[in-house]
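Source: prediction; values computed, not measured. All ligand and atom numbering here is 1-based and tracks the order in the structure.
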Amino acid sequence: MDKKIKILKGDGIGPEIVDESIKVLNKISLKYNHNFELEELLFGGASIDYYGEPLTDEVVEKCKNSDAVLLGAIGGPKWDNIDKNIRPEKGLLKIRKELELFANIRPIRLYDELSKSSPLKEEIVNKKIDFVIIRELTGGVYFGNKETKIINEVETATDTMEYNYLEIDRIGKIAFEVAMKRNKKLASVDKANVLDTSKLWRKTMHMIKEKYSDVKYEDILVDNAAMQIIKRPYDFDVMVTENMFGDILSDEASIIAGSIGMMPSASIGNKKLGLYEPIHGSAPDIAGQNIANPIGTILSVAMMLRYSFDMDLEANNIEKAVEKVISDGYRTVDIYKEGDIKVSCSEMGDIINKYI
Ligand code: NAD
């Protein structure tokens with residue numbers, strides 16, 4: 001199969017971890033006879049330094065005309081104090097919006113061998129923890145009207161949370177489809193006892209549910225969901241929620257899995273084109289030392305193959321290779337414990353490649 005992939009390495013550890021993922025893409029293309037055409041483009045701080053903005057329209061156009069985008073991470077102290085309109089994060093919001101990526105999929109998986117790195121109790125992590133959080137990405141309070149003004153001589157700020165039926169319906173359908181491909185369980189998180197947007201959310205989910213009788217469905221209020229993720233994470237299969245709730249719950253859940261360096265994500269829309277990136281940032285504290293964990297980015301490549309290219313076999317091959325490096329005891333410094341085999345970022349990439 002021929003596929004065009006745009007590569008946005010970004011800043012900090014971005015180039016190091018993405019280089020290891022490129023090795024994986026090359027290995028998969030050789031083994032399964034695909035032709036992956038890779039093009040590197042500037043994004044984030046690197047683009048600010050060169051073009052004066054974090055994401056140029058030309059890069060957006062190139063990404064739109066590709067089959068998938070792989071991103072490392074962006075940002076760092078060098079760009080912390082620049083004009084807020086050209087900060088690196090502006091580039092992230094812009095690319096998600098331009099590519100119409102309204103669903104963010106974050107797998108939460110704790111490998112047995114890494115259970116000691118999880119902050120949860122042994123009796124909880126001894127059970128299999130493997131679920132995904134699907135977060136709505138382009139609506140809700142982050143994108144609603146914002147205003148700060150003086151009312152009755154008091155400075156007053158307003159953020160508006162808005163959702164329409166169509167926005168909820170499209171993310172709901174993605175969540176049910178993902179559940180159908182997994183263990184057919186879906187938890188929808190809202191605050192329907194208080195918020196009108198949540199009432200519409202719940203009503204819409206219940207309408208979609210009628211068409212997916214195989215899926216075991218539950219509604220959970222967001223405050224309860226925050227507790228249940230810690231109390232019984234092993235019970236969840238797929239969880240879907242709106243933008244801000246998803247932002248908070250997915251970060252809470254990610255800590256269960258031990259290291260932020262292990263965790264991939266996918267942002268997708270109605271088309272096959274998706275954006276794939278690890279959940280962590282550019283880790284300026286360890287950049288340039290070849291010690292970053294590349295697994296989150298490599299597993300993001302597996303998600304790219306599965307969601308954008310329908311290459312389940314190839315995706316499984318990468319995930320199995322990662323399982324094997326972990327069970328064989330290879331660890332980058334962030335997940336290293338006494339008795340493990342310590343490896344660098346590039347060594348980790350090489351061993352995963354060998355196991356593919
Ligand atoms: P961070 O995720 O970059 O780092 C947090 C901690 O985790 C650091 O100690 C770091 O060394 C460690 N870490 C992160 N990824 C790792 C990996 N792959 N292997 C080993 N250790 C890893 O978060 P931060 O320090 O708050 O942010 C640094 C910069 O990244 C900031 O400029 C922030 O704005 C940016 N950021 C970017 C994204 C993105 O590109 N999507 C996301 C979050 C933060």
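For the pair I17 and ligand 1, no heavy-atom separation below 4.0 Å is found.
Screening K271, K272, K64, R170 against E100 for a salt bridge (Lys or Arg N to Asp or Glu O under 4.0 Å) leaves a single residue, K271. Exactly one of I17, D334, N293 qualifies for a side-chain contact (heavy atoms from CB on, under 4.5 Å) with H280. That residue is I17.
Atoms of ligand 1 found under 4.0 Å from any heavy atom of P284, numbered from 1 in the order shown, are 28 (C). Listed by number with element, the atoms of ligand 1 under 4.0 angstrom from any heavy atom of G261 are 17 (C), 18 (N). Those atoms of ligand 1 with a heavy atom of E277 less than 4.0 angstrom away are 41 (N). Remark: ligand 1 atoms within the under-4.0 Å shell around heavy atoms of G75 are 32 (O). The atoms of ligand 1 that sit less than 4.0 Å from any heavy atom of A292 are 19 (N). Every atom of ligand 1 is numbered from 1 in the order shown, and the set under 4.0 Å from a heavy atom of A73 is 40 (O).
Considering all non-hydrogen atoms of both residues, I220 and F236 come closest at CD1-CE2, 3.6 Å. Scanning both residues, V132 and P107, for their nearest heavy atoms gives CG1-CA, 3.7 Å. Across all their heavy atoms, D67 and F309 have their closest contact at CB-CE2, 3.7 Å. Of all the heavy atoms in D312 and R306, the pair that sits closest is OD1-CG, 3.2 Å. When every heavy atom of D235 is checked against every heavy atom of K185, the shortest pair comes out as O-NZ, 2.6 Å. Closest approach of P54 and K90 over heavy atoms only: CG-CB, 4.3 Å.
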Determine whether K23 and N26 satisfy the following criterion, side chain to side chain contact (heavy atoms under 4.5 Å, CB included), listing intermediate values before the conclusion. CA-CA 5 Å; K23 285 184 193 166; N26 290 337; 5.7 Å; no

Apply side chain to side chain contact (heavy atoms under 4.5 Å, CB included) to the pair M205 and I168, showing each step before the final yes or no. CA-CA 8 Å; M205 289 294 159; I168 303 171; 4.1 Å; yes

Using side chain to side chain contact (heavy atoms under 4.5 Å, CB included), reason through L273 and S66 one step at a time and then give a plain yes or no. CA-CA 7 Å; L273 169 61; S66 68; 3.8 Å; yes

Steps toward side chain to side chain contact (heavy atoms under 4.5 Å, CB included) verdict (I291, Y336): CA-CA 11 Å; I291 58 169; Y336 174 82; over 6 Å; no

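The N/O atoms of G72, backbone and side chain alike, include none that comes under 3.5 Å of an N/O atom in ligand 1.
When distances from atom 25 (O) of ligand 1 to the protein are checked, no heavy atom turns up under 4.0 Å. Note that atom 6 (C) of ligand 1 has no protein non-hydrogen atoms nearby, at separations under 4.0 angstrom. Atom 36 (N) of ligand 1 is approached by the protein to below 4.0 angstrom, counting heavy atoms only.
Neither the backbone nor the side chain of L71 has any atom closer than 4.0 Å to an atom of ligand 1 (non-hydrogen atoms only). Contacts between P77 and ligand 1 below 4.0 angstrom, taking non-hydrogen atoms only, are absent altogether. Contacts of L92 with ligand 1, taken as heavy-atom pairs under 4.0 Å, involve the side chain alone. Only the side chain of I13 comes within 4.0 Å of ligand 1, counting heavy atoms alone; its backbone N, CA, C and O stay farther away.
In this structure, atom 32 (O) of ligand 1 lies nearest to the protein heavy atom G76 N, 3.0 Å. Closest protein heavy atom to atom 33 (C) of ligand 1: I74 O, 4.4 Å. Nearest protein heavy-atom neighbour of atom 22 (C) of ligand 1: I286 CD1, 4.0 Å. The single protein non-hydrogen atom nearest to atom 44 (C) of ligand 1 is G281 CA, 3.5 Å, given as residue, atom name and distance. At the shortest separation from atom 34 (O) of ligand 1 among protein heavy atoms lies E89 OE2, 4.3 Å. Distance from atom 30 (O) of ligand 1 to its nearest protein heavy atom, with residue and atom name: S282 N, 3.1 Å. Looking only at protein heavy atoms, the nearest one to atom 9 (O) of ligand 1 is D285 OD2, 3.0 Å. Taking atom 19 (N) of ligand 1 as the reference point, the nearest protein heavy-atom neighbour is N293 N, 2.9 Å.
Within 6.0 Å of NZ on K97 lie no more than 12 heavy atoms contributed by other residues, nucleotides or ligands.
Put simply, CD on E39 and NZ on K62 are 4.0 Å apart, with the number rounded to the nearest 0.5 Å.
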